[in-house]
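Along the sequence shown, residues carry numbers from 1.
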Amino acid sequence: MVGVELKSRSRRSVDHISYTVEESLEELKTLAESAGAAVEETIVQSREAPDSATLIGSGKLEQLEGIVAAQKLDVVLFDSDLTPTQQRNLERVLDCKILDRTQLILDIFARRARTREGQLQVELAQLNYLLPRLTGRGVEMSRLGGGIGTRGPGETQLETDRRRIHGRIKKLSDQLEHVRSGRGIQRHQRQSVPLATIALVGYTNAGKSTLFNRLTGAAVLADARMFATLDPTVRHVELPSRRKVLMSDTVGFIRNLPTTLVKAFRATLEEVTEASLLLHVVDASSPYAPHQTAHVLKVLSEIGADQTRQILVLNKMDLLEASGEASDSLPQRILGEVRAPAGWQALAVSARSGVGFNELLAAIDRDLPLDPISHAKFRLPASEGSLIHLLHERARVVASRYEGDCCEIEAEVPESVKRRLTQYIVE
């Protein structure tokens, strides 16, 4: 792996929180391992400005050439995005596969996409990324092999001319627009019920899928590898008030997520922008938790979801407790470090053990803006079994008693149910 530290910017900034080149390389290592690579060597080049021809300059390139030859390395990963010219020059000198951060992420996405929508999104992003890199790469583009960096939208297509690739991009864009329209229709049908939608967001590998599985009883793949979940999943959840809501698990965010992927996954990200409440999942055991939280907030702002109410869910508290680092002040500290707006709350949970879930569900119940809960007393005819069943099914019944031909019920009831039973309300 190769990292470049620019002296004029020794600490890169994500929003108002900065991170070092070492932190970024540690994340790149995790990405590489998620793609199935074993990292043998890591070097850092410190420069005033990136070299236009090779990014790292002739001296460091010569050192890197010696390392590649001595260790017979197959792939060299760069933590920065490479221009087409830089990539061609590096491949010519090092005589091995050169991948930058964007290519690595695209490769992981190609491996993990399972649904037709996900595969379309990844292929579109790959073609948009590879299109300017076609010139002078006829031999390389036809090269097939195993390992990371080889999962693509079809190498044979990349041997064709730009006209055919542009045609494929147009076709993919049309298909994704059709998917987007279908999602809009499904979302409109869900909103007419009414059912509130809660979206899980957060940095990749924060434990969103494990949390989703425990909350919904689903069986979404939960894996320690980055981007284990790409395809969105929606399930029902019943809250303590007996309200039913929809919860969606979405793709994780990461620093320097390729813009081609952000555009391609627009249909998926719309699930976030249309949600009534966001559960922002944070890996509390990570030393970079504030950095990652700040970056997710930045991406949410870019896609227009920054005004949606959020609950910070500090996950993996079991790991902190096992290491003796757990602290009651951690939620407030993270809220302060990311400069969260007034009124936000942070809850400590463990998706693995279930600790803190009662408090989390109560907070969701309290903060959901759609179909608010209120206390009401109803007097219904005992013969209206369906309405009595409706209250027991859709509301939290506090007390009930039968008096003659009537049934009196006190309940914490959603507004939609209360409207249906207005004529039976006892003031």
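Between Leu55 and Phe78 the shortest side-chain heavy-atom distance falls below 4.5 Å. Put simply, the side chain of Ile98 reaches to within 4.5 Å of the side chain of Leu82, judged on heavy atoms. No side-chain heavy atom of Glu177 sits less than 4.5 Å from a side-chain heavy atom of Asp174. Under the 4.5 Å side-chain criterion, counting only non-hydrogen atoms from C-beta, Val201 is not in contact with Val281. Under the 4.5 Å side-chain criterion, counting only non-hydrogen atoms from C-beta, Leu390 is in contact with Arg420. The side-chain heavy atoms of Val272 and Leu300, taken from C-beta on, include a pair separated by under 4.5 Å. Within the 4.5 Å cutoff, side-chain heavy atoms of Asn315 are placed close to those of Val349. At least one side-chain heavy atom of Leu279 sits under 4.5 Å from a side-chain heavy atom of Met247.
Put simply, the side chain of Glu410 never gets that close to the backbone of Ala399: no donor and acceptor are under 3.5 Å apart. In this structure, Arg243 contributes its side chain and Ala395 its backbone to no donor-acceptor pair below 3.5 Å. Distance alone, capped at 3.5 Å, places no donor-acceptor pair between the Arg396 side chain and the Glu412 backbone. Using a distance-only test at 3.5 Å, with no hydrogens or angles considered, a donor-acceptor pair links the side chain of Thr216 to the main chain of Phe212.
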Self-check item: Residues Asp318, Ser353; criterion side chain to side chain donor-acceptor pair (under 3.5 Å); working and verdict
Solution: CA-CA 8 Å; Asp318 52 318; Ser353 67; 5.6 Å; no
Practice problem: Begin from the C-alpha positions of Val413 and Leu391 and carry the test side chain to side chain contact (heavy atoms under 4.5 Å, CB included) through to its verdict. | Solution: CA-CA 8 Å; Val413 59; Leu391 280 173; 4.2 Å; yes
Quiz prompt | Test log, rule side chain to side chain donor-acceptor pair (under 3.5 Å), inputs Asp51 and Thr54 | solution = CA-CA 6 Å; Asp51 184 85; Thr54 61; 3.3 Å; yes
Quiz item: Checking side chain to side chain contact (heavy atoms under 4.5 Å, CB included) for the pair Glu65/Val93: CA distance, chi angles, key distance, verdict?
Solution: CA-CA 7 Å; Glu65 184 181 9; Val93 174; 3.9 Å; yes
Exercise. Any chance you could lay out the side chain to side chain contact (heavy atoms under 4.5 Å, CB included) test for Thr197 and Val245, step after step, and finish with the verdict?
Key: CA-CA 6 Å; Thr197 302; Val245 297; over 6 Å; no
Practice problem: Could you go through the side chain to side chain contact (heavy atoms under 4.5 Å, CB included) check for Val2 and Lys60 one step at a time? | Solution: CA-CA 10 Å; Val2 181; Lys60 187 63 71 171; 5.7 Å; no
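When all heavy atoms of Glu415 and Ser374 are compared, the closest pair comes out as OE1-OG, 4.4 Å. A pairwise comparison of heavy atoms in Ser286 and Gln292 identifies OG-NE2, 3.6 Å as the closest pair. Heavy-atom minimum distance, Leu120 versus Gln175: CD2-OE1, 3.0 Å. Counting all heavy atoms, side chain and backbone alike, Leu124 lies closest to Ser173 at CD1-OG, 3.8 Å. Minimum interatomic distance between Leu104 and Ala32 (heavy atoms only, all atoms of both residues): CD2-N, 3.9 Å. Between Ser80 and Val4 the shortest heavy-atom distance is OG-CB, 4.4 Å.
At a threshold of 4.0 Å, the pair Glu5-Arg47 does not count as salt-bridged, since none of the basic side-chain nitrogens sits closer than that to a carboxylate oxygen. A salt bridge between Glu27 and Arg101 is present, with a side-chain N of the basic residue lying under 4.0 Å from a carboxylate O of the acidic one. Salt-bridge annotation for Lys208 and Asp249: absent, with no side-chain N of the basic residue lying under 4.0 Å from a carboxylate O of the acidic one.
Atom CG in Asp283 sits 12.0 Å away from atom OH in Tyr288 (nearest 0.5 Å). A distance of 8.5 Å separates CD1 of Ile198 from CG of Leu215, quoted to the nearest 0.5 Å. Taken from CD1 in Ile254 to CG in Leu31, the straight-line distance is 4.0 Å, to the nearest 0.5 Å. With values rounded to the nearest 0.5 angstrom, Asn128 atom CG is found 4.5 Å from Ile169 atom CD1. A distance of 10.0 Å separates CG in Leu99 from CG in Leu106, rounded to the nearest 0.5 Å. Considering CD of Glu40 and CD1 of Ile67, their distance stands at 11.5 Å, rounded to 0.5 Å.
Remark: Glu238 engages Arg242, Lys244 in a salt bridge (charged side-chain N to carboxylate O under 4.0 Å, His left out) (not counting sequence neighbours).
Residue-environment remark: CZ (Arg366) exceeds the threshold of 12 foreign heavy atoms within 6.0 Å. Gln71 CD: more than 12 foreign heavy atoms inside a 6.0 Å radius. In the displayed structure, Arg352 atom CZ is contacted under 6.0 Å by at most 12 heavy atoms of other residues, nucleotides or ligands.
When only modelled atom types and interatomic distance are considered, Lys29 and Thr42 share no side-chain donor-acceptor pair under 3.5 Å. With 3.5 Å as the limit, one finds a donor-acceptor pair spanning the side chains of Asp100 and Tyr129. When only modelled atom types and interatomic distance are considered, Gln103 and Gln126 share no side-chain donor-acceptor pair under 3.5 Å.
The side-chain contact (heavy atoms from CB on, under 4.5 Å) test with Cys96 is passed by exactly one of Leu73, Asp74, Val76: Val76.
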